[in-house]
Amino acid sequence: MSRLVAVTPDTRPVMYEAFSTAVRDAGGEVAVSAADLAEATALIWADPYVPHRYPEVIASVPAVEWVQLPYAGIEPFLDYLDPRLVWTCAKGVYADPVAEWVMAALLMGLRDFHLFAGADSWCAESGRNLLGARITVLGGGGITRSLLRLLEPWSCDVTVVRRSAESVEGAARTFTLADAHQAVAGADAVVVALALTEETHHVVDAGLLEAMGPQCWLVNVARGGHVDHSALGAALRSGLIAGAVLDVTDPEPLPDSSELWGLPNCVITPHIGNTREMGLPLITNRVRENVRRWLAGEDLLGLVDVALGY
């Protein structure tokens, strides 16, 4: 196994430097010269904002067998997934900070902090407990597992919706996407933590929003494409659901012209479930561990299923 590892340049040198240090810490050598790049068997992608450069980069590293991507979501690279290569992403790396954001969103929505934060005089009391609340989570991955651990002290009744009906530790019940309407009915909050695929695009549509009920808060920490924003706007205006907290939108950034900005029961944060500053140490640790595993011939973390696209 060649110890040479290619690290793509980043528009912010901090990621390139962090990943290069991680490669060396793991016992690898960073390929720099054209000759080294030609022999490198691993490629660490440092800049998530230039996926269009992949054809150019991969042509310069013809011996590469493994590609490590920096984010859990790999949508920008879907057109480039080569089944001849091993692909890994940041699955699970950012789960804990993202789950923490979900907890903040749940507490804010149920406790009506969004109303009090914008008030300029004493308000009427309102709000509900997260304690004992009914929570439905769409998705059964790392974010969901982290969230279930955080919810445990609140004694919530949690339902998980995922591709299979296999049970999830900490959840009272598990449904498949085919039964999503049943799973969200009567929930106090629905958390979207799915991978974005053709199957899950606009999974939160007018029908699902109606099934949630007027007591329900929608919390989206996955991808903006999971939610039909037109249907969401109508549901928020009419009181079909109680409110929404969105850390992701479609498009992103959300244009100033979007009606969602003006709705008092819709709170939007600028994709801060995991910021670059929060995430850099976490993804650097993953790169270090995966390079160590690659050189040792061990199984890698965060493997991408090329057929499924995540």
Side-chain angles (χ1 to χ4, degrees), residues 73 75 97-130 133-139 143 147 151 156 159 161 180-181 183-194 196 200-275:
E75 294 85 8
V98 172
E100 180 181 83
W101 179 94
V102 173
M103 291 296 295
L106 291 171
L107 287 165
M108 181 193 64
L110 293 176
R111 286 290 191 163
D112 286 344
F113 286 179
H114 62 297
L115 300 179
F116 307 139
D120 55 11
S121 64
W122 197 265
C123 300
E125 63 179 44
S126 64
R128 290 177 282 152
N129 284 329
L130 177 59
R134 295 183 61 185
I135 309 295
T136 297
V137 186
L138 306 184
I143 294 172
L147 178 59
L151 283 172
C156 294
T159 298
V161 180
H181 284 221
V184 304
D188 293 298
V190 170
V191 179
V192 184
L194 288 161
L196 183 61
T200 63
H201 182 260
H202 282 192
V203 64
V204 181
D205 57 12
L208 196 71
L209 289 163
E210 184 175 4
M212 292 178 192
Q215 79 295 331
C216 189
W217 275 82
L218 173 69
V219 175
N220 188 7
V221 75
R223 290 291 181 267
H226 286 115
V227 178
D228 181 337
H229 281 190
S230 295
L232 176 61
L236 292 170
R237 289 194 310 271
S238 67
L240 195 64
I241 64 171
V245 189
L246 311 175
D247 193 44
V248 288
T249 59
D250 185 21
E252 194 171 294
L254 187 67
D256 294 347
S257 58
S258 171
E259 67 166 328
L260 297 179
W261 288 115
L263 298 175
N265 54 348
C266 185
V267 178
I268 300 167
T269 58
H271 209 141
I272 58 162
N274 174 70
T275 65

TODO: Would you check if Thr249 and His271 make a side-chain contact, meaning some heavy-atom pair closer than 4.5 Å?
DONE: no

Task: Val248 side chain near Val192 side chain, heavy-atom distance below 4.5 Å - done: no

Do any side-chain atoms of residues 256-264 form donor-acceptor pairs under 3.5 angstrom with protein atoms, and if so which ones, sequence neighbours left out?
| unit_1 | atom_1 | unit_2 | atom_2 | d |
| --- | --- | --- | --- | --- |
| Ser258 | OG | Leu260 | N | 3.2 |
| Glu259 | OE1 | Arg237 | NH1 | 2.3 |
| Glu259 | OE2 | Arg237 | NH1 | 3.0 |
| Trp261 | NE1 | Pro255 | O | 2.9 |

When rounded to the nearest 0.5 angstrom, what is the spacing between [atom1] in [X] and [atom2] in [Y]?
| X | Y | atom1 | atom2 | result |
| --- | --- | --- | --- | --- |
| His226 | Leu194 | NE2 | CG | 4.5 Å |
| Leu130 | Asp188 | CG | CG | 9.0 Å |
| Ser238 | Glu210 | OG | CD | 9.0 Å |
| His181 | Asp205 | NE2 | CG | 5.5 Å |
| Arg223 | Glu75 | CZ | CD | 4.5 Å |
| Leu246 | Thr269 | CG | OG1 | 8.0 Å |

For the student: nearest non-hydrogen atoms of [X] and [Y], plus distance:
| X | Y | result |
| --- | --- | --- |
| Ala206 | Ala231 | N-CB, 3.7 Å |
| Leu209 | Ile241 | O-CG2, 3.4 Å |
| Thr200 | Leu196 | OG1-CA, 3.4 Å |
| Ala187 | Cys216 | O-CB, 3.3 Å |
| Ala193 | Ala222 | CA-CB, 3.9 Å |
| Val221 | Trp101 | CG2-CE3, 3.6 Å |

Whether the side chain of [X] engages the backbone of [Y] through a donor-acceptor N/O pair (distance < 3.5 Å, no angle test) should be reported.
| X | Y | answer |
| --- | --- | --- |
| Arg128 | Gln215 | yes |
| Thr136 | Ala183 | yes |
| Asn265 | Leu236 | yes |
| Asp247 | Gly273 | yes |

Name the atoms and distances for all side-chain donor-acceptor pairs under 3.5 Å in residues 107-114, with sequence neighbours left out.
| unit_1 | atom_1 | unit_2 | atom_2 | d |
| --- | --- | --- | --- | --- |
| Arg111 | NH2 | Asn129 | OD1 | 3.1 |
| Asp112 | OD2 | Ser126 | OG | 2.6 |
| Asp112 | OD2 | Gly127 | N | 3.4 |

Task: Full working for side chain to side chain contact (heavy atoms under 4.5 Å, CB included) between Val204 and Leu138 - done: CA-CA 10 Å; Val204 181; Leu138 306 184; 4.2 Å; yes

Task: Residue pair Ile143, Val191: steps toward the side chain to side chain contact (heavy atoms under 4.5 Å, CB included) verdict - done: CA-CA 10 Å; Ile143 294 172; Val191 179; over 6 Å; no

